[in-house]
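The structure appears below as structure tokens.
Fair warning: this is a prediction, and the values are worked out from it, not measured in the lab.
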Amino acid sequence: MYRRGVDTSSIAFVLALGRALHRYGTPAYRLEEGLRRVCDRLALDAEVFTTPTAIIMSFGPATDLRTRMLRVDGGELDMGKLAQLDALGDEVVAHRVTAADGVRRVEAIVAAPPRFGRAVSTAAAALTAASVAVFFGGTLADLALAGAIGLLLGLLSQFVARSTEQARVLELVAAAFASFTSSIAASLWHVTPSLVTVASLIIWLPGLSLTVAIAELATRNLIAGTARLMQAVIVLLELVVGVALGEQLASALVDVPQVTPVALPAWAPWVALVVASAALAVVVQAGPRQVGWIVAACVIGYIGTRVGSAWLGGPLGMMGVLFGALLLGVGSNAYARWLDRPAQVVQTPAVFLLVPGSMGFRGMASLLDKDTLSGVDTLFAMLVVALAIVAGLLVANAVVSPRRSL
């Protein structure tokens, strides 16, 4: 039976909190630690096990366990709601809010509409695509086309998401549309179709999922990490197949020229960095007070990567990315300690600019083109970069503890 004196409403709160935190993108190692701490503070005997699709919790002494399994769907990034849930958990464990009221407040937070509506979020995704095109060395025409395709993909995702069956092929359809549109445009204007395609799909690339999967494996969450890793691989394959389909359709209609882009001036990436950071803050639904911190975190990670690459070098740029992730982790943990907020709120959008999703995309594309040597080399580089990011973040946690689970 449950520990004497414990209200079952405490268990209901832990279950509701776990489901909500999982929904908003909390990795397994953070979620399990956070739920265990909440259970300890609420005097609950509990065991916690999470995967990308399920949460299993057992309550009570070892001789009389009661187990609950929650089937969950994750992947929705909402840093504003994540911060609210974290603050609510603090209030419940401090007994400023009862567990029963906590359950109702969790339900209210989850049911609340996103801070930024569909129009604003779609525009932010388009700005992110245009800004990333700068980092890939695109021209002004490439930026404009990437932003336009990103805007259309945002509208497409809102329409397709209404149907479960259509949502299952969303990545494939989006990749085919982006590839087809950029190839057709390349026959009419001086744009680089491959660059535009990758930039317009940057939000869709599973680089963040890949990095989280490596982090889960590194923290011995083997089942969660393996499942998330395979999920990222499947999404990459869907995107690559979609791009190949779009290119073939365009090639059957027009001649697609091969264009070498002319990079913008040296100051352009800095402007793009600020724009992309602010746009990503909107994409992850961060609160207004968090936007400035997110921009600062993105700038720290970017500068750290450039400085690390220049000073340390290393194979495949590994040391540069590791140094950038280390500075990002230290900065986000300092934010968590200073403001008593989850480090994940500023760390997650900043990692978007470090993750190797585009490398994985190019590697898969090379394999499908039967360029095995280039494909394997690129995929290996992707794994090295992902490991470097995870290593940097884990070292940062050892150097500056966030004092929080999330």
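A 6.0 Å sphere centred on CZ of R289 holds no more than 12 heavy atoms belonging to other residues, nucleotides or ligands. In R96, the CZ atom is crowded: over 12 heavy atoms of neighbouring residues, nucleotides or ligands sit closer than 6.0 Å. Environment of CZ in R41: sparse, with no more than 12 heavy atoms of neighbouring residues, nucleotides or ligands closer than 6.0 Å. Atom CD1 of I223 has 12 or fewer heavy atoms from other residues, nucleotides or ligands within 6.0 Å.
The minimum heavy-atom distance linking P206 with L239 is given by the pair CD-CD1, 4.2 Å. The two residues G301 and L328 come nearest to each other via the heavy atoms CA-CB, 4.4 Å. Taking every heavy atom of both residues into account, G150 and S200 meet most closely at N-CB, 4.2 Å. Here the closest non-hydrogen pair linking A268 and L264 is CB-CB, 3.6 Å. Here the closest non-hydrogen pair linking M57 and C39 is CE-SG, 4.0 Å. Nearest heavy atom pair, residue A343 against residue S332, reads CB-O, 3.5 Å.
Rounded to the nearest 0.5 Å, atoms CG (L394) and CD1 (I389) are 12.0 Å apart. To the nearest 0.5 Å, the span separating OG1 on T305 from CG on L322 amounts to 9.5 Å. From L387, atom CG reaches atom CD1 of I214 across 5.0 Å, with rounding to the nearest 0.5 Å. Atom CG of L393 sits about 8.5 Å away from atom CG of L326, to the nearest 0.5 Å. Rounding to the nearest 0.5 Å places CD1 of I55 at 11.5 Å from CZ of R71. Atom CG of N397 is separated from atom CG of N333 by 5.0 Å, given to the nearest 0.5 angstrom.
Within the structure, no pair that satisfies the salt bridge (Lys or Arg N to Asp or Glu O under 4.0 Å) test touches residues 203-214, not counting sequence neighbours. Sorted by first then second residue, the ring pair (Phe, Tyr, Trp, His ring centres under 6.0 Å) pairs that include residues 282-310, not counting sequence neighbours, are F135-Y302, W270-Y302, W293-Y335, W293-W338.
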List the steps, then state whether side-chain contact (heavy atoms from CB on, under 4.5 Å) holds for L35 with L31.
CA-CA 6 Å; L35 292 179; L31 181 58; 3.9 Å; yes
Take T128 and V283 through the test side-chain contact (heavy atoms from CB on, under 4.5 Å) and record every step on the way to the result.
CA-CA 9 Å; T128 302; V283 170; 4.3 Å; yes
In sequence, state the C-alpha distance, the side-chain angles, and the governing distance for T197 and S179, and then conclude on side-chain hydrogen bond (donor to acceptor under 3.5 Å, both in side chains).
CA-CA 5 Å; T197 299; S179 177; 4.7 Å; no
Stepwise side-chain contact (heavy atoms from CB on, under 4.5 Å) test for E33 and R37:
CA-CA 6 Å; E33 182 182 358; R37 289 189 177 185; 2.9 Å; yes
Derivation of the side-chain contact (heavy atoms from CB on, under 4.5 Å) call for L353 and L280:
CA-CA 9 Å; L353 298 181; L280 282 172; 3.9 Å; yes
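There is no side-chain donor-acceptor pair under 3.5 Å between E47 and S58. Q285 and S121 share a side-chain donor-acceptor pair at under 3.5 Å.
In this structure a side-chain-to-backbone donor-acceptor pair under 3.5 Å is missing from D86 to Q84. At least one donor-acceptor pair closer than 3.5 Å links the side chain of T98 to the backbone N or O of D101. Within the 3.5 Å criterion, the main-chain N or O of S401 finds a donor-acceptor partner in the side chain of R337. Between the side chain of K81 and the main chain of A20, no donor-acceptor pair closer than 3.5 Å is present. With hydrogens and angles disregarded, a donor-acceptor distance shorter than 3.5 Å links the side chain of H22 to the backbone of T51.
Residues L237 and V233 are in side-chain contact: their nearest non-hydrogen atoms beyond the backbone lie under 4.5 Å apart. Annotation: side chain of V38 is not in contact with side chain of L44 (no heavy-atom distance under 4.5 Å).
Salt bridge status for R105 with E91: present, with a side-chain N to carboxylate O gap under 4.0 Å.
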